[in-house]
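The structure under discussion is supplied below as structure tokens; questions concerning it will follow.
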Amino acid sequence: MTALQNVGAGFADPVFSAQSVFRLVLDAMAQSGRIAAVPDAASAPAGLDVASTAVALTLFDYETPLWLDPALRGVEAETYLRFHCGCPLVEDTQTAAFGLVTAPRYMPRLGEFSIGSDQYPDTSATLVIQTGGLADEGPIRLTGPGIKDSASVAIDGLPDWFWPDWDVNHGCFPTGIDLIFTSGNRVMCLPRSIKVEV
Amino acid sequence: MTVATNHNGGTESGYNFAYLDEQTKRMIRRCLLKAVAIPGYQVPFGSREMPLAYGWGTGGIQVTASIIGPDDVLKVIDQGADDTTNAVSIRHFFQRTADVATTEETEDATIIQTRHRVPETAMKEGQILVYQVPQPEPLRQLEPRETECRKIHGYAEYGLMHVKLYEDIARFGHIATSYSYPVLVNGRYVMSPTPIPKFDNPKMDSFPALQLFGAGREKRIYAVPPYTTVKSLDFDDHPFSVQKWDQACALCGAEDSFLDEVILDDRGRKMFVCSDSNYCEQRQAAGYSNPAAAADIAAYQLALQGEADA
């Protein structure tokens with residue numbers, strides 16, 4: 001565990017940075033396939049990109065149990081999140097409101113996270129997945145609410161089972177998990193309503 | 001009243017930017033993301049007590065307060081008009097608590113908070129339309145129990161709603177619902193479009209801007225992302241249709257806008273004017289008018305003057 005005096009600073013301006021990052025994420029969630037660039041507003045701890053850190057500071061707090069990638073446990077990033085967000089860390093993927101994944105190749109299967117219930121599908125988990133790279137042209141074709149015709153993207157470093165798992169998740173609609181992909185300072189969202197063809 | 005810039009940038013001292021505290025904003029923001037991910041589904045949220053009574057747009061205000069930033073340009077309308085009580089007071093609220101720029105021009109606004117209308121001027125990508133919602137549950141008149149409504153939505157068992165529309169046809173020969181006309185969003189959830197006239201329903205379909213809905217008293221948030229199908233419920237042999245007027249706006253002559261009936265006196269005189277004040281003013285500024293109605297109004301004013309003089 002890192003000593004507190006070594007924990008990096010959070011948002012320089014907690015109110016306006018959180019607001020601007022949220023608007024980018026809201027637009028990205030409403031228009032899946034579009035990639036937004038997060039301003040460099042916080043000092044990211046080792047292992048976390050700028051965008052992942054900004055999303056965490058914007059959305060996580062004491063009300064959101066967090067499943068943290070094993071690669072980040074016991075190191076600076078864990079102390080950083082505990083200190084700045086105050087979010088409880090959980091081992092059990094089913095009780096996590098958020099998952100923060102930095103090694104997607106070794107992450108739990110999508111179905112292990114909570115998909116909510118028929119009557120309360122909003123209680124499902126949201127995963128923040130830090131990837132090797134995001135591009136707004138690529139082999140992954142997206143269709144669904146928020147996308148005018150279709151969108152195409154490329155996402156690096158996902159495991160082989162990922163898109164078949166996503167088909168199952170999308171097929172569960174209205175239950176299902178939602179994803180926020182990050183890479184460097186870039187963010188792209190994939191809500192459960194979006195159909196993916198690879 | 002002391003007006004000072006507080007450390008978070010708001011103009012009213014003692015309050016956080018845009019009134020709500022940061023923890024409340026985070027909670028609402030998380031709900032908004034889920035609402036966008038499940039178009040038309042009502043997300044429960046911890047609605048806060050606001051400095052105005054329920055029914056005056058507390059839900060819309062909380063949504064706007066959670067998304068608004070210092071660079072936003074806010075427009076607020078009440079039944080289409082920028083200059084009515086609710087619109088003026090909410091616009092003033094955000095001027096004071098968030099120091100944001102405001103406008104009456106639909107094109108210039110980044111966020112439009114609305115009570116019961118969709119602007120006539122087409123909105124575009126990147127804009128956000130925030131609806132104030134009195135009753136988010138489209139089934140409430142048919143099924144008072146929340147637990148049952150949850151099940152109906154959960155299993156998409158919307159037969160009850162179709163029975164209601166059918167009963168309208170059986171009694172009146174047509175579907176008599178003229179506002180809060182239920183819609184099916186993304187082919188899955190039946191949603192209340194809020195008490196907008198059904199005239200506005202077709203605009204919501206494949207709308208380029210993001211639509212957010214906040215119900216403060218009922219503690220629900222829901223959303224329709226851009227380019228999402230929003231279909232007004234109907235039957236093959238009784239297709240959905242919107243209101244039509246045999247008159248044009250008395251001020252700008254518009255024949256394509258939603259008209260309000262304005263009673264002029266107690267002898268049955270009346271005129272029809274655009275409910276969207278900004279749209280009407282833009283048309284008048286561009287030189288559009290309704291000469292017949294103008295002559296009528298002039299004659300009426302002359303008559304009034306005569307009575308006053310007599």
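As a basis for the values below, the full set of heavy atoms in this structure was taken, side chains included, without hydrogen atoms, waters or symmetry mates. Protein chains get the first letters and strands the later ones, always in sequence-line order, with residue 1 at the start of each.
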Worksheet entry | Neighbourhood of chain A inside residues 218-234 of chain B, taking heavy atoms under 4.5 Å as contact | B:P225, B:P226, B:Y227, B:T228

Worksheet entry | chain B contacts, top residue of A:D178, A:D61, A:T64, A:T175 (heavy-atom pairs, under 4.5 Å) | A:D61

Practice prompt. Return the option, out of B:T147, B:L33, B:V43, B:I152, with the maximum number of heavy-atom pairs under 4.5 Å with chain A.
Written response: B:L33

Discussion item. Distance check, rounded to the nearest 0.5 Å: A:F22 atom CZ versus B:L32 atom CG?
Written reply: 4.5 Å

Worksheet entry | Contact check, side chains of A:P174 and B:Y41, non-hydrogen atoms, under 4.5 Å | no

Worksheet item: Does a side-chain N-to-carboxylate-O contact under 4.0 Å join A:E63 and B:R30?
Response: yes

Item to complete: Let me see the working for A:L26 and B:V36 under side chain to side chain contact (heavy atoms under 4.5 Å, CB included), right down to the final yes or no.
Response: CA-CA 8 Å; A:L26 179 67; B:V36 166; 3.9 Å; yes

Item to complete: Side-chain contact test, heavy atoms from C-beta onward, threshold under 4.5 Å: evaluate it for A:R192 versus B:K34 and give yes or no.
Response: yes

Fill in: Contacts with chain B made by residues 102-132 of chain A (heavy-atom distance under 4.5 Å), listed by residue number
A:D118, A:Q119, A:Y120, A:P121, A:D122, A:S124, A:A125, A:T126

Worksheet item: Tell me, side chain or backbone of A:I194 under 4.5 Å from chain B's heavy atoms, or both, or neither?
Response: neither

Discussion item. Please classify the contact between A:S20 and chain B as side chain, backbone, both or neither, with a heavy-atom cut-off of under 4.5 Å.
Written reply: neither

Worksheet item: Above 12 or not: heavy atoms from other molecules or residues under 6.0 Å from CG of A:D92?
Response: yes

Worksheet item: Side chain, backbone, both or neither: which part of B:I67 has a non-hydrogen atom closer than 4.5 Å to chain A?
Response: both

Practice prompt. Please state whether the side chain, the backbone, both or neither of B:D21 comes within less than 4.5 Å of a heavy atom of chain A.
Written response: neither

Item to complete: Just give me the residue among B:A37, B:P44, B:P70 that pairs up with chain A most often, heavy atom to heavy atom, under 4.5 Å.
Response: B:A37

Item to complete: Go through A:P145, A:G144, A:A18 and name the one with the most non-hydrogen pairs under 4.5 angstrom from chain B.
Response: A:P145

Worksheet item: Which answer fits B:I28, side chain, backbone, both or neither, if we ask what part of it has an atom under 4.5 Å from a heavy atom of chain A?
Response: neither

Discussion item. Out of B:I68, B:L210, B:L212, return the one with the most heavy atom pairs under 4.5 angstrom to chain A.
Written reply: B:I68

Response to the item:
Honestly, the part of B:R29 sitting under 4.5 Å from a heavy atom of chain A is both

Worksheet entry | Contacting moiety of B:S206, where chain A heavy atoms sit under 4.5 Å | neither

Worksheet, complete the sentence: Honestly, the part of B:E125 sitting under 4.5 Å from a heavy atom of chain A is side chain

Worksheet entry | Sub-4.5 Å side-chain heavy-atom contact between A:Q19 and B:K25 | no

Practice prompt. Measure B:I128 against the heavy atoms of chain A and call it side chain, backbone, both or neither at under 4.5 Å.
Written response: side chain

Worksheet item: Does some side-chain heavy atom of A:L59 sit less than 4.5 Å from a side-chain heavy atom of B:R26?
Response: no

Worksheet entry | OG-CD1 distance between A:S193 and B:I38, expressed to the nearest 0.5 angstrom | 9.0 Å

Fill in: Considering all heavy atoms, the nearest B:D72-A:R23 contact
OD2-NH1, 2.7 Å

Discussion item. So for atom NZ, which belongs to B:K124, do other residues, nucleotides or ligands contribute more than 12 heavy atoms lying within a distance under 6.0 Å?
Written reply: yes

